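Everything numeric in this text was worked out from a predicted model, so none of it was measured.
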Amino acid sequence: MSDRPIVAVMYDFDKTLCTKDMQAYSFIPSLGMTESQFWSYANDLGIQEHMDSVLSYMYTMVKMSKDKNIPLLRQNLVDMGKNVELFDGVEGWFERISDFGIEQGVQVEHYVISSGMKEIIEGTSISKYFKSIFACEFLYDENGNGVWPKTDVNYTNKTQFVYRINKGVLDVANDNDLNRSMPDDSKRVPFCNMIYIGDGLSDVPCMKMMKAYGGYSIAVYQSRDSKVEDLFRKDRVDYIYPADYREGTGLDITVKNIIRKMAICDILTNEKHNQKLDLMK
(Lines give C-alpha, C1' and ligand atoms only; values in the text may rest on other atoms or scores of the structure.)
Protein backbone atom coordinates (compact mmCIF):
# COMPACT_ATOMS: atom_id res chain seq x y z
CA MET A 1 0.00 0.00 0.00
CA SER A 2 1.41 3.36 -1.04
CA ASP A 3 1.61 6.15 1.54
CA ARG A 4 1.43 8.78 -1.19
CA PRO A 5 -1.54 11.17 -1.21
CA ILE A 6 -4.26 9.85 -3.54
CA VAL A 7 -5.71 11.73 -6.49
CA ALA A 8 -8.95 10.28 -7.93
CA VAL A 9 -9.80 10.92 -11.58
CA MET A 10 -13.43 9.98 -12.24
CA TYR A 11 -14.91 9.49 -15.71
CA ASP A 12 -18.29 9.21 -17.28
CA PHE A 13 -17.95 6.70 -20.13
CA ASP A 14 -20.37 7.19 -23.03
CA LYS A 15 -19.26 10.16 -25.18
CA THR A 16 -16.53 10.84 -22.62
CA LEU A 17 -14.15 7.94 -23.21
CA CYS A 18 -16.00 6.32 -26.13
CA THR A 19 -17.56 7.99 -29.14
CA LYS A 20 -21.27 7.16 -28.59
CA ASP A 21 -23.61 5.20 -26.32
CA MET A 22 -21.91 1.87 -25.66
CA GLN A 23 -25.05 -0.14 -26.51
CA ALA A 24 -24.87 1.21 -30.06
CA TYR A 25 -21.68 -0.62 -31.06
CA SER A 26 -22.95 -4.19 -30.76
CA PHE A 27 -25.98 -4.69 -28.54
CA ILE A 28 -28.56 -2.67 -30.47
CA PRO A 29 -27.43 -4.03 -33.88
CA SER A 30 -27.71 -7.57 -32.46
CA LEU A 31 -31.44 -6.90 -31.97
CA GLY A 32 -31.83 -5.84 -35.59
CA MET A 33 -32.76 -2.35 -34.45
CA THR A 34 -31.39 1.10 -35.16
CA GLU A 35 -30.20 3.37 -32.36
CA SER A 36 -33.17 5.63 -32.98
CA GLN A 37 -35.65 2.76 -32.70
CA PHE A 38 -34.15 1.44 -29.46
CA TRP A 39 -33.85 4.77 -27.66
CA SER A 40 -37.24 6.01 -28.89
CA TYR A 41 -38.87 2.93 -27.38
CA ALA A 42 -36.95 3.25 -24.11
CA ASN A 43 -37.55 6.99 -23.78
CA ASP A 44 -41.25 6.77 -24.69
CA LEU A 45 -41.71 3.95 -22.18
CA GLY A 46 -40.06 6.04 -19.48
CA ILE A 47 -42.35 8.98 -20.17
CA GLN A 48 -45.51 6.87 -20.33
CA GLU A 49 -44.75 4.94 -17.14
CA HIS A 50 -43.04 7.80 -15.27
CA MET A 51 -39.94 5.64 -14.96
CA ASP A 52 -36.36 6.46 -14.16
CA SER A 53 -34.82 6.78 -17.63
CA VAL A 54 -31.98 4.37 -16.82
CA LEU A 55 -34.34 1.70 -15.49
CA SER A 56 -36.41 2.22 -18.64
CA TYR A 57 -33.49 1.48 -20.96
CA MET A 58 -32.43 -1.53 -18.87
CA TYR A 59 -35.98 -2.91 -19.04
CA THR A 60 -35.94 -2.30 -22.80
CA MET A 61 -32.73 -4.36 -23.07
CA VAL A 62 -34.43 -7.25 -21.23
CA LYS A 63 -37.71 -7.00 -23.16
CA MET A 64 -36.21 -6.66 -26.62
CA SER A 65 -33.80 -9.55 -26.01
CA LYS A 66 -36.72 -11.72 -24.90
CA ASP A 67 -38.89 -10.64 -27.83
CA LYS A 68 -36.08 -11.45 -30.29
CA ASN A 69 -35.34 -14.74 -28.50
CA ILE A 70 -31.75 -13.64 -27.88
CA PRO A 71 -30.31 -14.64 -24.48
CA LEU A 72 -29.17 -11.61 -22.49
CA LEU A 73 -26.02 -13.28 -21.14
CA ARG A 74 -23.40 -11.52 -19.07
CA GLN A 75 -20.49 -12.87 -21.09
CA ASN A 76 -22.12 -11.73 -24.32
CA LEU A 77 -22.30 -8.19 -22.98
CA VAL A 78 -18.69 -8.36 -21.82
CA ASP A 79 -17.64 -9.57 -25.28
CA MET A 80 -19.44 -6.59 -26.82
CA GLY A 81 -17.02 -4.31 -24.98
CA LYS A 82 -14.32 -5.31 -27.46
CA ASN A 83 -16.14 -3.36 -30.17
CA VAL A 84 -16.38 -0.09 -28.26
CA GLU A 85 -14.59 2.71 -30.10
CA LEU A 86 -12.49 4.92 -27.83
CA PHE A 87 -11.48 8.52 -28.41
CA ASP A 88 -7.97 9.33 -29.62
CA GLY A 89 -5.36 8.81 -26.93
CA VAL A 90 -7.59 7.00 -24.43
CA GLU A 91 -5.61 3.75 -24.72
CA GLY A 92 -2.41 5.33 -23.41
CA TRP A 93 -3.97 7.95 -21.15
CA PHE A 94 -4.29 6.07 -17.87
CA GLU A 95 -0.72 4.82 -17.59
CA ARG A 96 0.64 8.20 -18.67
CA ILE A 97 -1.39 10.13 -16.10
CA SER A 98 -0.61 7.62 -13.35
CA ASP A 99 3.11 7.82 -14.14
CA PHE A 100 2.93 11.62 -14.06
CA GLY A 101 1.30 11.40 -10.63
CA ILE A 102 4.16 9.26 -9.34
CA GLU A 103 6.63 11.87 -10.61
CA GLN A 104 4.74 14.48 -8.60
CA GLY A 105 4.61 12.35 -5.45
CA VAL A 106 0.94 11.30 -5.59
CA GLN A 107 -0.91 8.11 -6.42
CA VAL A 108 -3.48 8.56 -9.20
CA GLU A 109 -6.49 6.25 -9.21
CA HIS A 110 -8.99 6.05 -12.07
CA TYR A 111 -12.73 5.38 -11.60
CA VAL A 112 -15.75 5.10 -13.88
CA ILE A 113 -19.11 6.52 -12.81
CA SER A 114 -21.43 5.74 -15.72
CA SER A 115 -25.08 5.21 -16.56
CA GLY A 116 -23.89 2.70 -19.15
CA MET A 117 -23.45 -1.04 -18.65
CA LYS A 118 -20.75 -2.32 -16.31
CA GLU A 119 -20.57 -5.59 -18.22
CA ILE A 120 -19.76 -3.85 -21.50
CA ILE A 121 -17.17 -1.59 -19.85
CA GLU A 122 -15.48 -4.64 -18.33
CA GLY A 123 -14.99 -6.00 -21.85
CA THR A 124 -13.14 -2.93 -23.12
CA SER A 125 -9.37 -2.83 -23.42
CA ILE A 126 -9.13 -0.13 -20.74
CA SER A 127 -11.13 -1.79 -17.95
CA LYS A 128 -7.94 -2.99 -16.25
CA TYR A 129 -6.95 0.59 -15.45
CA PHE A 130 -9.95 1.35 -13.23
CA LYS A 131 -9.83 0.81 -9.50
CA SER A 132 -13.63 0.55 -9.53
CA ILE A 133 -16.30 0.65 -12.20
CA PHE A 134 -19.59 2.08 -10.94
CA ALA A 135 -22.16 1.47 -13.66
CA CYS A 136 -25.49 -0.23 -14.34
CA GLU A 137 -25.51 -4.00 -14.01
CA PHE A 138 -28.02 -6.84 -14.32
CA LEU A 139 -28.93 -9.61 -11.92
CA TYR A 140 -28.88 -12.94 -13.78
CA ASP A 141 -31.19 -15.94 -13.33
CA GLU A 142 -30.24 -19.60 -13.07
CA ASN A 143 -29.94 -19.76 -16.87
CA GLY A 144 -27.59 -16.80 -16.99
CA ASN A 145 -30.15 -14.38 -18.45
CA GLY A 146 -30.26 -10.78 -17.25
CA VAL A 147 -33.65 -10.33 -15.58
CA TRP A 148 -33.44 -7.43 -13.13
CA PRO A 149 -31.31 -4.32 -12.52
CA LYS A 150 -28.74 -5.07 -9.83
CA THR A 151 -27.30 -1.57 -9.96
CA ASP A 152 -28.87 1.55 -11.43
CA VAL A 153 -26.60 4.57 -11.89
CA ASN A 154 -28.74 7.52 -12.91
CA TYR A 155 -27.77 11.13 -13.36
CA THR A 156 -28.39 12.29 -9.81
CA ASN A 157 -27.35 9.23 -7.81
CA LYS A 158 -23.95 9.36 -9.50
CA THR A 159 -22.94 11.60 -6.61
CA GLN A 160 -23.19 8.74 -4.10
CA PHE A 161 -20.27 7.07 -5.84
CA VAL A 162 -18.18 10.21 -5.42
CA TYR A 163 -18.87 9.88 -1.68
CA ARG A 164 -17.86 6.22 -1.84
CA ILE A 165 -14.54 7.14 -3.39
CA ASN A 166 -14.12 9.92 -0.84
CA LYS A 167 -14.57 7.51 2.07
CA GLY A 168 -12.99 4.46 0.44
CA VAL A 169 -16.25 2.49 0.66
CA LEU A 170 -16.29 0.94 -2.82
CA ASP A 171 -18.70 -1.98 -2.19
CA VAL A 172 -22.09 -0.74 -3.42
CA ALA A 173 -23.81 -3.06 -0.93
CA ASN A 174 -22.06 -1.41 2.01
CA ASP A 175 -24.30 1.49 2.98
CA ASN A 176 -23.49 1.31 6.69
CA ASP A 177 -19.91 2.51 6.30
CA LEU A 178 -20.92 4.95 3.58
CA ASN A 179 -23.36 6.71 5.90
CA ARG A 180 -21.18 6.52 9.01
CA SER A 181 -19.82 9.84 10.26
CA MET A 182 -16.12 10.22 9.50
CA PRO A 183 -13.73 13.10 10.24
CA ASP A 184 -12.59 14.85 7.07
CA ASP A 185 -8.93 14.16 7.77
CA SER A 186 -9.55 10.42 7.87
CA LYS A 187 -11.32 10.18 4.51
CA ARG A 188 -9.33 8.23 1.93
CA VAL A 189 -9.54 10.73 -0.96
CA PRO A 190 -10.26 14.38 -0.07
CA PHE A 191 -12.69 16.12 -2.41
CA CYS A 192 -9.95 18.63 -3.20
CA ASN A 193 -7.96 15.73 -4.70
CA MET A 194 -10.70 14.78 -7.17
CA ILE A 195 -11.14 15.44 -10.89
CA TYR A 196 -14.41 14.62 -12.68
CA ILE A 197 -14.46 14.31 -16.49
CA GLY A 198 -17.81 14.07 -18.28
CA ASP A 199 -19.53 15.12 -21.48
CA GLY A 200 -22.55 17.16 -20.53
CA LEU A 201 -25.76 17.78 -18.65
CA SER A 202 -26.01 14.28 -17.18
CA ASP A 203 -22.74 14.94 -15.36
CA VAL A 204 -23.74 18.31 -13.89
CA PRO A 205 -24.56 16.97 -10.37
CA CYS A 206 -21.03 15.55 -10.05
CA MET A 207 -19.49 18.65 -11.63
CA LYS A 208 -21.34 20.92 -9.21
CA MET A 209 -20.21 18.69 -6.36
CA MET A 210 -16.60 19.17 -7.41
CA LYS A 211 -16.99 22.95 -7.47
CA ALA A 212 -18.72 22.98 -4.08
CA TYR A 213 -16.08 20.87 -2.33
CA GLY A 214 -12.86 22.04 -3.94
CA GLY A 215 -12.35 19.46 -6.68
CA TYR A 216 -12.16 20.07 -10.43
CA SER A 217 -14.51 19.29 -13.31
CA ILE A 218 -13.85 19.07 -17.04
CA ALA A 219 -16.43 18.75 -19.83
CA VAL A 220 -15.22 17.05 -23.01
CA TYR A 221 -16.90 17.14 -26.40
CA GLN A 222 -16.67 15.71 -29.91
CA SER A 223 -17.87 18.93 -31.51
CA ARG A 224 -18.24 22.07 -29.49
CA ASP A 225 -21.89 23.10 -29.11
CA SER A 226 -24.05 25.51 -27.16
CA LYS A 227 -24.68 23.02 -24.33
CA VAL A 228 -21.00 22.62 -23.54
CA GLU A 229 -20.35 26.34 -23.88
CA ASP A 230 -23.33 27.07 -21.63
CA LEU A 231 -21.90 24.84 -18.90
CA PHE A 232 -18.69 26.85 -18.97
CA ARG A 233 -20.38 30.23 -19.34
CA LYS A 234 -22.58 29.57 -16.29
CA ASP A 235 -19.59 28.38 -14.26
CA ARG A 236 -20.99 24.87 -13.87
CA VAL A 237 -17.72 23.32 -15.05
CA ASP A 238 -14.11 24.44 -14.65
CA TYR A 239 -12.78 23.61 -18.14
CA ILE A 240 -14.01 22.41 -21.54
CA TYR A 241 -11.87 20.53 -24.08
CA PRO A 242 -12.21 18.29 -27.13
CA ALA A 243 -12.27 14.61 -26.15
CA ASP A 244 -8.68 14.15 -27.29
CA TYR A 245 -6.60 12.29 -24.71
CA ARG A 246 -3.31 12.32 -26.60
CA GLU A 247 -0.19 13.72 -24.97
CA GLY A 248 0.21 17.46 -25.33
CA THR A 249 -3.48 18.27 -25.88
CA GLY A 250 -5.26 20.88 -23.80
CA LEU A 251 -6.96 18.13 -21.79
CA ASP A 252 -3.67 16.37 -21.09
CA ILE A 253 -1.87 19.56 -20.06
CA THR A 254 -4.67 20.79 -17.79
CA VAL A 255 -5.14 17.47 -15.98
CA LYS A 256 -1.38 17.33 -15.35
CA ASN A 257 -1.39 20.91 -14.06
CA ILE A 258 -4.26 20.10 -11.70
CA ILE A 259 -2.41 17.05 -10.39
CA ARG A 260 0.72 19.16 -9.96
CA LYS A 261 -1.26 21.69 -7.92
CA MET A 262 -2.83 18.95 -5.79
CA ALA A 263 0.60 17.48 -5.09
CA ILE A 264 1.96 20.87 -3.97
CA CYS A 265 -1.07 21.47 -1.73
CA ASP A 266 -0.52 18.09 -0.08
CA ILE A 267 3.15 18.89 0.52
CA LEU A 268 2.27 22.24 2.12
CA THR A 269 -0.45 20.65 4.26
CA ASN A 270 1.97 18.01 5.51
CA GLU A 271 4.58 20.66 6.29
CA LYS A 272 2.05 22.60 8.37
CA HIS A 273 0.94 19.42 10.17
CA ASN A 274 4.55 18.48 10.97
CA GLN A 275 5.27 21.97 12.35
CA LYS A 276 2.27 21.69 14.66
CA LEU A 277 3.53 18.33 15.89
CA ASP A 278 6.97 19.84 16.55
CA LEU A 279 5.43 22.61 18.67
CA MET A 280 3.57 20.02 20.77
CA LYS A 281 6.79 18.19 21.75
Side-chain angles (χ1 to χ4, degrees), residues 2 6-30 54 74-103 106-138 151 153 158 161-162 164-165 170 172 189 193-200 202-203 206-207 210 215-222 239 241-256 258-259:
S2 172
I6 299 170
V7 170
V9 186
M10 302 166 289
Y11 310 83
D12 180 37
F13 204 91
D14 293 344
K15 302 174 186 175
T16 295
L17 295 174
C18 67
T19 58
K20 56 185 177 180
D21 294 323
M22 63 183 70
Q23 296 88 349
Y25 297 100
S26 299
F27 177 76
I28 294 175
S30 76
V54 174
R74 191 181 202 287
Q75 188 56 52
N76 287 354
L77 292 174
V78 172
D79 290 341
M80 290 177 182
K82 297 170 184 166
N83 297 324
V84 169
E85 180 183 345
L86 303 170
F87 281 119
D88 288 341
V90 168
E91 290 276 3
W93 166 267
F94 304 99
E95 286 185 327
R96 186 172 72 250
I97 296 300
S98 294
D99 289 345
F100 180 81
I102 291 171
E103 292 172 9
V106 299
Q107 175 182 329
V108 177
E109 294 178 349
H110 304 277
Y111 296 85
V112 167
I113 306 177
S114 169
S115 295
M117 295 304 307
K118 182 177 182 179
E119 294 92 331
I120 295 177
I121 296 171
E122 287 180 347
T124 65
S125 60
I126 58 175
S127 64
K128 61 187 176 183
Y129 297 114
F130 302 118
K131 184 170 179 65
S132 285
I133 298 171
F134 299 114
C136 301
E137 189 174 11
F138 285 115
T151 305
V153 181
K158 277 187 172 187
F161 302 103
V162 178
R164 289 188 178 279
I165 295 166
L170 304 183
V172 296
V189 186
N193 276 17
M194 291 183 170
I195 305 170
Y196 186 90
I197 302 177
D199 68 282
S202 65
D203 301 296
C206 288
M207 291 174 172
M210 291 296 98
Y216 292 85
S217 59
I218 301 173
V220 295
Y221 56 86
Q222 294 189 66
Y239 304 96
Y241 286 110
D244 187 341
Y245 293 80
R246 290 174 293 184
E247 189 165 12
T249 61
L251 178 61
D252 176 73
I253 292 169
T254 293
V255 168
K256 288 176 178 176
I258 292 171
I259 292 172

Side chains of [X] and [Y]: does their closest heavy-atom pair fall under 4.5 Å?
X: Val172; Y: Phe161; value: yes
X: Asp14; Y: Gln23; value: yes
X: Tyr129; Y: Trp93; value: no
X: Met117; Y: Phe138; value: yes
X: Ile120; Y: Phe13; value: no
X: Val255; Y: Phe100; value: no

Minimal non-hydrogen separation, [X] against [Y], with atom names:
X: Phe87; Y: Cys18; answer: CE1-O, 3.2 Å
X: Cys136; Y: Val54; answer: SG-CG1, 3.3 Å
X: Leu170; Y: Lys131; answer: CD1-CE, 3.9 Å
X: Phe27; Y: Ser30; answer: O-OG, 2.5 Å
X: Val90; Y: Leu17; answer: CG2-O, 3.7 Å
X: Ser127; Y: Ile133; answer: CB-CD1, 4.3 Å

Starting from the C-alpha separation in whole Å, work towards a yes-or-no answer on side chain to side chain contact (heavy atoms under 4.5 Å, CB included) for Ile259 and Ile195. CA-CA 9 Å; Ile259 292 172; Ile195 305 170; 4.2 Å; yes
Within the side chain of [X], is there an N or O that forms a donor-acceptor pair under 3.5 Å with the backbone of [Y]?
X: Asp203; Y: Asp199; result: yes
X: Asp244; Y: Arg246; result: yes
X: Thr151; Y: Glu137; result: no
X: Arg74; Y: Glu119; result: no

Set of side chain to side chain donor-acceptor pair (under 3.5 Å) partners for Lys256, sequence neighbours left out: Asp252
Results of side chain to side chain donor-acceptor pair (under 3.5 Å) for Ser98 - residues two or more places apart only: His110
Spacing of [X] atom [atom1] and [Y] atom [atom2] [to the nearest 0.5 Å]:
X: Met22; Y: Lys15; atom1: CE; atom2: NZ; answer: 11.5 Å
X: Met10; Y: Tyr196; atom1: CE; atom2: OH; answer: 8.0 Å
X: Lys158; Y: Asp12; atom1: NZ; atom2: CG; answer: 3.5 Å
X: Glu91; Y: Arg96; atom1: CD; atom2: CZ; answer: 12.0 Å
X: Tyr221; Y: Thr16; atom1: OH; atom2: OG1; answer: 13.5 Å
X: Thr254; Y: Ile218; atom1: OG1; atom2: CD1; answer: 6.0 Å

Kindly confirm or rule out a cation-pi arrangement of Lys20 over Tyr25, judged by NZ or CZ under 6.0 Å from the six-membered ring centre and within 45° of its axis? yes
Going by the rule side chain to side chain contact (heavy atoms under 4.5 Å, CB included), which residues pair with Ile253 if we only count those two or more places apart in sequence or in a different chain? Asn257
Centroid-centroid distance, Tyr245 to Tyr11, less than 6.0 Å: no
Will you find, in the side chains of [X] and [Y], an N or O donor that is under 3.5 Å from an N or O acceptor?
X: Ser26; Y: Asn83; value: yes
X: Tyr241; Y: Thr249; value: no
X: Gln222; Y: Thr19; value: no

Apply side chain to side chain contact (heavy atoms under 4.5 Å, CB included) to the pair Ser132 and Glu109, showing each step before the final yes or no. CA-CA 9 Å; Ser132 285; Glu109 294 178 349; over 6 Å; no
